[in-house]
Amino acid sequence: MTHDDGFASLHQHALRLRGAGIPSLLQAEPGRVQDLALRVGPLYVNFARQKYDRAALDALLELAAARDVAGGFQRLFRGEQVNLTEGRAALHTALRGDPAGAPVATQAYAAATEVRQRMALLVQSLEASGVTDIVSVGIGGSDLGPRLVADALRPASGARFRVHFVSNVDGAAMQRTLATLDPATTAGILISKTFGTQETLLNGRILHGWLGSSERLFAVSANPERAAQTFAIPAAQVLPMWDWVGGRYSLWSSVGLPIALAIGFENFEKLLAGAAQMDAHALGAPLERNLPVLHALTDIWNRNLLGHATHAVMTYDQRLALLPAYLQQLVMESLGKRVQRDGSPVTCDTVPVWWGGAGTDVQHSFFQALHQGTSVVPADFIGCIRHDDPYQLNHQALLANLLAQTEALANGQGSDDPHRDYPGGRPSTLILLDALTPEALGALIAMYEHAVYVQSVIWNINAFDQFGVELGKQLANQLLPALQGEPVAVDDPVTREILQQLRR
Ligand code: F6P
């Protein structure tokens with residue numbers, strides 16, 4: 001979409017820069033490599049290989065000012081009802097601090113602190129028990145965040161618990177997990193904000209039956225009564241969360257219980273501290289030195305001005321291999337919208353498809369298409385400066401590959417042989433963590449959360465609802481009886497025919 005999308009002057013910049021290569025942008029702007037870099041706590045981010053110049057970036061910053069991004073942050077942090085379709089605040093920031101000091105946010109922070117203390121006691125009591133394994137059951141935001149952080153930060157050896165995650169309603173997932181475990185030394189955690197999610201209820205039933213009682217079954221929910229009732233879980237074993245925390249923003253709440261068990265409670269608190277540092281930065285830094293804002297404006301540039309339909313995330317750290325899956329929900333469930341806050345259609349494209357994988361593996365799968373395919377894919381490349389394994393040569397090779405790929409994608413290399421010609425001009429942002437510490441991971445995830453929010457402000461859409469997922473859930477509930485052999489009137493001729501096939 002290019003007509004009346006509110007990006008008029010930016011289209012002029014995009015037109016002007018259409019033929020510019022990334023090396024020529026670097027040449028034309030001495031100091032660009034340093035000017036387009038930013039350090040926030042343990043994160044260093046460099047935007048110098050994006051296909052904008054200073055003038056275009058200034059125009060993007062004007063857009064952010066005109067759309068009142070700073071005011072948007074104030075509304076978010078103060079606990080205003082930014083989720084207007086559901087009449088809710090989105091106070092994930094209050095789970096890790098109280099930088100705005102507004103009454104609603106301060107109250108939320110106090111409630112979160114109290115529950116976190118309960119969570120600490122629960123972790124303590126499990127650590128003092130004979131439990132060796134934890135099975136965490138949840139899906140979407142009740143799974144992806146805890147799964148990512150637990151996997152990224154768990155020690156290579158000597159962890160107190162083995163933490164297993166089951167999300168899919170496919171019984172094979174539960175079967176394979178339980179097959180390796182002993183109910184006598186396993187505890188279960190059922191995580192569901194609503195406690196109405198089909199997958200979690202069905203898997204919870206299996207886990208409850210397998211454990212034989214609720215003695216070592218715990219739950220996390222914004223509907224604690226329902227959680228306690230459904231599986232007869234004692235109230236002391238149910239941790240609450242709140243409707244002001246979106247599922248995909250909830251890993252910092254009691255939803256993070258599996259994280260605290262996997263990495264220890266102190267490290268969980270360090271994760272929150274890292275996120276809080278990013279919160280203070282997002283709220284306080286001027287737009288032109290504000291990392292989430294610059295990240296969001298870069299995404300807007302690539303999506304709305306250069307027209308790129310997808311965005312990739314490459315983690316040059318195996319421990320972050322689950323980050324792309326986590327970001328898919330965070331970004332695409334938040335920004336996959338086609339109407340503005342007042343219900344009128346958007347006037348520009350919104351979220352591109354987010355995808356990615358872990359380097360160097362992905363270099364040997366889809367990188368061919370990134371280098372020579374017809375679609376340009378803007379990408380974030382994420383690496384860690386220090387490593388925690390004893391294999392230094394491998395780490396050096398990992399970083400050499402990260403540098404090589406971003407350089408090759410940006411600069412390309414001409415050849416008389418068209419098959420061996422690399423066009424270059426493929427933009428990327430480089431994100432370096434000092435090391436994969438809880439603080440750095442907390443800051444990184446919070447950076448993405450805020451960048452998502454900034455885009456929602458610029459696009460004037462609600463980042464905190466997800467009505468798009470409801471229709472499929474409703475249909476699945478209607479069709480389940482048909483699969484159980486009950487006579488169900490099915491209108492759709494294709495579904496009707498497939499049901500016949502399945503029955504045969
Ligand atoms: O898929 C939709 C969704 O509502 C997500 O937003 C959410 O994270 C997930 O389902 C799980 O929901 P719950 O935590 O309520 O089980």
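Quick caveat: nothing in here was measured; it's all calculated off a predicted structure. Start at 1 and go down the list; that is how both ligands and their atoms are numbered.
Residues with a heavy atom under 4.0 Å from ligand 1: I139, G140, G141, S142, S192, K193, T194, T197, Q329, E333, Q466, V469, K473.
Ion pairing between a basic and an acidic side chain is recognised when a charged N comes within 4.0 Å of a carboxylate O; R75 and D68 show such pairing. Electrostatic pairing of E127 and R160 does not count as a salt bridge here, judged by no charged N lying under 4.0 Å from a carboxylate O.
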Atom pairs and distances, donor-acceptor, side-chain atoms in residues 189-196, under 3.5 Å, two or more places apart:
residue	atom	partner	partner atom	Å
S192	OG	F195	N	2.8
K193	NZ	V245	O	2.8
T194	OG1	G196	N	3.1
T194	OG1	T197	OG1	3.4

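Residues G145 and I259 share a closest heavy-atom pair of O-CD1, 4.4 Å.
Applying the salt bridge (Lys or Arg N to Asp or Glu O under 4.0 Å) test to residues at least two apart or on different chains, the pairs with a partner in residues 445-466 are R96-E449, K337-D465. Screening residues 477-497 for salt bridge (Lys or Arg N to Asp or Glu O under 4.0 Å), with sequence neighbours left out, gives no hits.
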